[in-house]
Visitor: 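Sharing a structure with you now.
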Amino acid sequence: MYIIRNEQGNPIKFQGIALDITKRKLHEQEIRDSNERFKLLAKATIEAVIDWDIENNTTFWGEGFQTMLGYDLEMCDEDFWQRNIHPTDRKRVLRDLKKAIARPETQFFDAEYQFFRANGSIAHVQHKGILVRNAAGKAVRAIGAMIDMTETLDRMQKIESQNKALKDIAWTQSHVVRRPLVNMLGFINLLRNNVEIDKESENLLKYLSISAEELDKITREIVKKTSEINNL
């Protein structure tokens with residue numbers, strides 16, 4: 001828009017071009033709505049969400065970093081994430097991320113590592129992310145989420161300990177307990193076949209044999225159940 005003036009310098013009319021920017025405004029509103037939904041989702045999820053604008057090197061930290069890991073989000077600078085990866089895992093994780101960003105065909109990033117909580121304790125996290133690329137294949141944005149797997153891993157370790165204990169029980173039952181049982185059954189048969197015994201003693205041997213066989217059956221069943229649990 002510009003003004004046309006007469007010879008005396010007085011404005012006499014305006015000239016310009018009117019453009020319909022409705023589509024652009026609608027698109028801008030869609031982007032704002034999408035970003036708002038993303039921020040609400042980041043607040044609602046139990047995961048620690050990271051939205052990294054690679055081109056501008058700015059990062060959005062989700063509420064999970066506060067609720068799950070105890071950090072003050074206002075204190076989270078751009079180096080916050082890599083600084084708090086445990087030293088034993090940091091080099092590997094950063095190397096794998098760098099490789100993923102550099103490869104145009106790579107779309108996803110997946111890693112497991114130790115991460116410091118705000119109180120100094122260590123969380124075992126699973127990190128899954130997606131890389132957004134431009135038409136040339138260059139990564140321009142990385143969106144990821146960290147899940148605290150510490151309790152899950154602790155439960156798995158307890159289960160593994162229980163499985164080991166069950167294996168030890170099964171071995172004891174099949175090797176230690178059954179051996180004297182087999183010997184007992186053999187002695188009973190030996191007495192029956194080689195020694196003359198009265199009716200009352202025969203009955204006692206019969207009851208003893210039944211009890212030993214039942215105990216042997218129970219032992220075999222324990223070994224079987226333990227094996228089934230290990231297979232699961």
Visitor: Mind checking the OG1-CD spacing from Thr67 to Glu47? Nearest 0.5 Å is all I need.
Guide: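 Reported value, rounded in 0.5 Å steps: 10.5 Å.
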
Visitor: What pairs with His124 under side chain to side chain contact (heavy atoms under 4.5 Å, CB included), at least two apart in sequence or on another chain?
Guide: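 His124 satisfies side chain to side chain contact (heavy atoms under 4.5 Å, CB included) with Gln114, Thr150, Leu153 only.
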
Visitor: Tell me the closest heavy-atom pair linking Met68 and Ala48, and the distance in Å.
Guide: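 That would be CE-CB, 3.7 Å.
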
Visitor: Looking at residues at least two apart in the chain, or sitting in another chain, which of them share a side chain to side chain contact (heavy atoms under 4.5 Å, CB included) with Ile130?
Guide: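 Scan of Ile130 (side chain to side chain contact (heavy atoms under 4.5 Å, CB included), adjacent residues dropped) gives Gln107, Phe108, Ile143.
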
Visitor: Of all heavy-atom pairs between Ala118 and Gly70, which one has the smallest distance, and what is that distance?
Guide: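 Taking Ala118 first and Gly70 second, the nearest heavy atoms are CB-O, 3.2 Å.
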
Visitor: What side-chain hydrogen bond (donor to acceptor under 3.5 Å, both in side chains) pairs are there with at least one residue in residues 92-103, not counting sequence neighbours?
Guide: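 Qualifying pairs: Asp89-Arg92.
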
Visitor: So, using side chain to side chain donor-acceptor pair (under 3.5 Å) as the criterion, who are the partners of Trp81 when residues are at least two apart?
Guide: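 For Trp81 the side chain to side chain donor-acceptor pair (under 3.5 Å) partners, ignoring immediate neighbours, are Tyr113.
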
Visitor: For the atom pair CD (Glu74) and CG (Asp77), what is the distance rounded to the nearest 0.5 Å?
Guide: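 Glu74 atom CD to Asp77 atom CG measures 13.0 Å (nearest 0.5 Å).
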
Visitor: For a quick test of reading the model, state the closest non-hydrogen atom pair linking Met146 to His127 and the distance between them.
Guide: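 Minimum heavy-atom contact is CG-ND1, 3.7 Å.
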
Visitor: Once side chain to side chain contact (heavy atoms under 4.5 Å, CB included) is applied, do any residues pair with Ser209, and if so which ones, sequence neighbours excluded?
Guide: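 Ser209 satisfies side chain to side chain contact (heavy atoms under 4.5 Å, CB included) with Leu185, Ile188, Arg192, Glu213 once adjacent residues are dropped.
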
Visitor: What pairs of residues pass the salt bridge (Lys or Arg N to Asp or Glu O under 4.0 Å) test when at least one of them lies in residues 108-122, not counting sequence neighbours?
Guide: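 For residues 108-122: Asp110-Lys128, Arg117-Asp148.
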
Visitor: Which Ile, Leu, Val, Met, Phe, Trp or Tyr residues join Val132 in one cluster when any pair of side-chain heavy atoms under 4.5 Å counts as a link?
Guide: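 Same cluster as Val132: Val140.
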
Visitor: State which residues pass side chain to side chain donor-acceptor pair (under 3.5 Å) with Asn56; sequence neighbours excluded, sorted by chain then number.
Guide: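 Counting only residues at least two positions away or on another chain, Asn56 forms a side chain to side chain donor-acceptor pair (under 3.5 Å) with Asp53.
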
Visitor: Do Thr59 and Asp51 touch side chain to side chain, with heavy atoms closer than 4.5 Å?
Guide: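 No - every pair of side-chain heavy atoms lies 4.5 Å or more apart.
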
Visitor: Within a strict 4.5 Å, meaning less than it, do heavy atoms of the Phe116 and Pro87 side chains meet?
Guide: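 Side-chain contact under 4.5 Å: yes.
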
Visitor: Which value, rounded to the nearest 0.5 Å, describes the distance between Lys206 atom NZ and Ser211 atom OG?
Guide: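 So the NZ of Lys206 and the OG of Ser211 are separated by 12.0 Å.
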
Visitor: Check step by step if side chain to side chain contact (heavy atoms under 4.5 Å, CB included) holds for Phe109 and Leu97.
Guide: CA-CA 7 Å; Phe109 175 73; Leu97 177 60; 3.8 Å; yes

Visitor: Going by the rule side chain to side chain donor-acceptor pair (under 3.5 Å), which residues pair with Gln82 if we only count those two or more places apart in sequence or in a different chain?
Guide: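 Scan of Gln82 (side chain to side chain donor-acceptor pair (under 3.5 Å), adjacent residues dropped) gives none.
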
Visitor: Identify, with sequence neighbours excluded, every residue that meets side chain to side chain donor-acceptor pair (under 3.5 Å) alongside Asn119.
Guide: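 Side chain to side chain donor-acceptor pair (under 3.5 Å) list for Asn119, sorted by chain: Ser121.
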
Visitor: State whether the side chain of Arg133 and the backbone N or O of Pro104 hold a donor-acceptor pair below 3.5 Å, judged by distance alone.
Guide: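 Pair found, side chain donor or acceptor close to backbone of Pro104.
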
Visitor: Considering only heavy atoms from C-beta outward, does the side chain of Lys138 approach that of Ile101 to under 4.5 Å?
Guide: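 Lys138 vs Ile101: side chains apart.
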
Visitor: Who passes salt bridge (Lys or Arg N to Asp or Glu O under 4.0 Å) against Asp79, sequence neighbours left out?
Guide: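 Once residues adjacent in sequence are excluded, Asp79 has no partner under the salt bridge (Lys or Arg N to Asp or Glu O under 4.0 Å) criterion.
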
Visitor: Is Phe65 close to Leu73 at the side-chain level, that is, under 4.5 Å between some pair of heavy atoms?
Guide: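 Yes, at least one pair of side-chain atoms sits under 4.5 Å.
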
Visitor: Which heavy atom in Ala100 sits nearest to a heavy atom in Thr106, and how many Å separate them?
Guide: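 Residues Ala100 and Thr106, closest heavy atoms: O-CB, 3.5 Å.
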
Visitor: Which heavy-atom pair separates Tyr71 from Cys76 by the least distance, and what is that distance?
Guide: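 The pair with the smallest heavy-atom distance is CB-SG, 4.3 Å.
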
Visitor: Assert yes or no for the condition that the ring centre distance of His86 to Phe115 is strictly below 6.0 Å.
Guide: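 Between His86 and Phe115, the centre distance exceeds or equals 6.0 Å.
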
Visitor: To the nearest 0.5 Å, how far apart are CG in Leu94 and CD1 in Ile85?
Guide: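 Those atoms lie 5.0 Å apart.
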
